[in-house]
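Take this structure, written in structure tokens, and hold onto it; I'll ask about it next.
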Amino acid sequence: MALADEVLAVGDAAFTRRGLDRLARMRRSGVTMVLVSHDLDLVSRFADRAVYLRAGRIAADGASDAVVARYRSDVAGGEAAGQVPPPAV
């Protein structure tokens with residue numbers, strides 16, 4: 001099992017590319033990963049399942065694409081209503 005907490009949030013383009021390549025190799029080899037990220041595209045790309053936390057509670061849990069879509073919908077709805085967006089996935 002691997003834990004990646006905002007692992008690609010720092011570094012230059014070469015570092016990011018190497019990190020993405022490593023994550024892809026780990027995924028192909030069947031390694032279980034816990035990926036903590038504010039990068040929703042990264043979550044959709046590398047996670048089969050996602051959990052969206054809002055105010056410390058589970059707001060959505062399921063297929064990553066569906067959870068990311070729910071998060072984006074909630075953020076868009078909150079911004080339209082003048083609310084502070086919820087915390088990221």
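Hydrogens, waters and symmetry mates play no part in the numbers below; they use all other heavy atoms, side chains included. What you are looking at is a predicted structure, and each value in this text was computed from that prediction instead of being measured.
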| said: So which atom in Ser64 and which in Ala50 form the shortest heavy-atom distance, rounded to 0.1 Å? | reply: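 For Ser64 versus Ala50, the nearest heavy atoms are CA-CB, 3.8 Å.
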| request: Just jot down the side chain to side chain contact (heavy atoms under 4.5 Å, CB included) partners of Arg45, sequence neighbours excluded, or say none. | output: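 Arg45: side chain to side chain contact (heavy atoms under 4.5 Å, CB included) contacts with Leu20.
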| message | My understanding is that only residues two or more places apart in sequence, or in another chain, count here; which of them pass side-chain hydrogen bond (donor to acceptor under 3.5 Å, both in side chains) with Ser44? | response |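 Residues passing side-chain hydrogen bond (donor to acceptor under 3.5 Å, both in side chains) with Ser44: Asp65.
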| request: Answer yes or no: does atom CZ of Arg49 have more than 12 heavy-atom neighbours from other residues, nucleotides or ligands under 6.0 Å? | output: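 At most 12 heavy atoms, drawn from other residues, nucleotides or ligands, come within 6.0 Å of this atom.
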| Looking at CZ of Arg72 and CG of Leu40, how far apart are the two atoms once the value is rounded to the nearest 0.5 Å? |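 Those atoms lie 4.5 Å apart.
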| task | Report the residues that fulfil side-chain hydrogen bond (donor to acceptor under 3.5 Å, both in side chains) with Arg22, sequence neighbours left out, ordered by chain and then residue number. | result |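 Partners of Arg22 by the side-chain hydrogen bond (donor to acceptor under 3.5 Å, both in side chains) criterion come out as none, since no residue qualifies.
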| query | For Asp21, what residues pass the side chain to side chain contact (heavy atoms under 4.5 Å, CB included) criterion, not counting sequence neighbours? | reply |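 Asp21 satisfies side chain to side chain contact (heavy atoms under 4.5 Å, CB included) with Arg17, Arg25 only.
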| field | Of Asp39, Asp41, Leu35, the residue whose pairing with Phe46 passes side chain to side chain contact (heavy atoms under 4.5 Å, CB included) | value |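 For Phe46, the side chain to side chain contact (heavy atoms under 4.5 Å, CB included) test succeeds with only one of Asp39, Asp41, Leu35, which is Leu35.
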| message | Could you go through Val43 and His38, starting from their C-alpha distance and side-chain angles, then the distance that decides it, and tell me whether this counts as side chain to side chain contact (heavy atoms under 4.5 Å, CB included)? | response | CA-CA 8 Å; Val43 171; His38 290 89; over 6 Å; no
| query | Sequence neighbours excluded, which residues qualify as side chain to side chain contact (heavy atoms under 4.5 Å, CB included) partners of Arg70? | reply |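 With neighbours one apart ignored, the set is Tyr52, Ala59, Ala60, Asp74.
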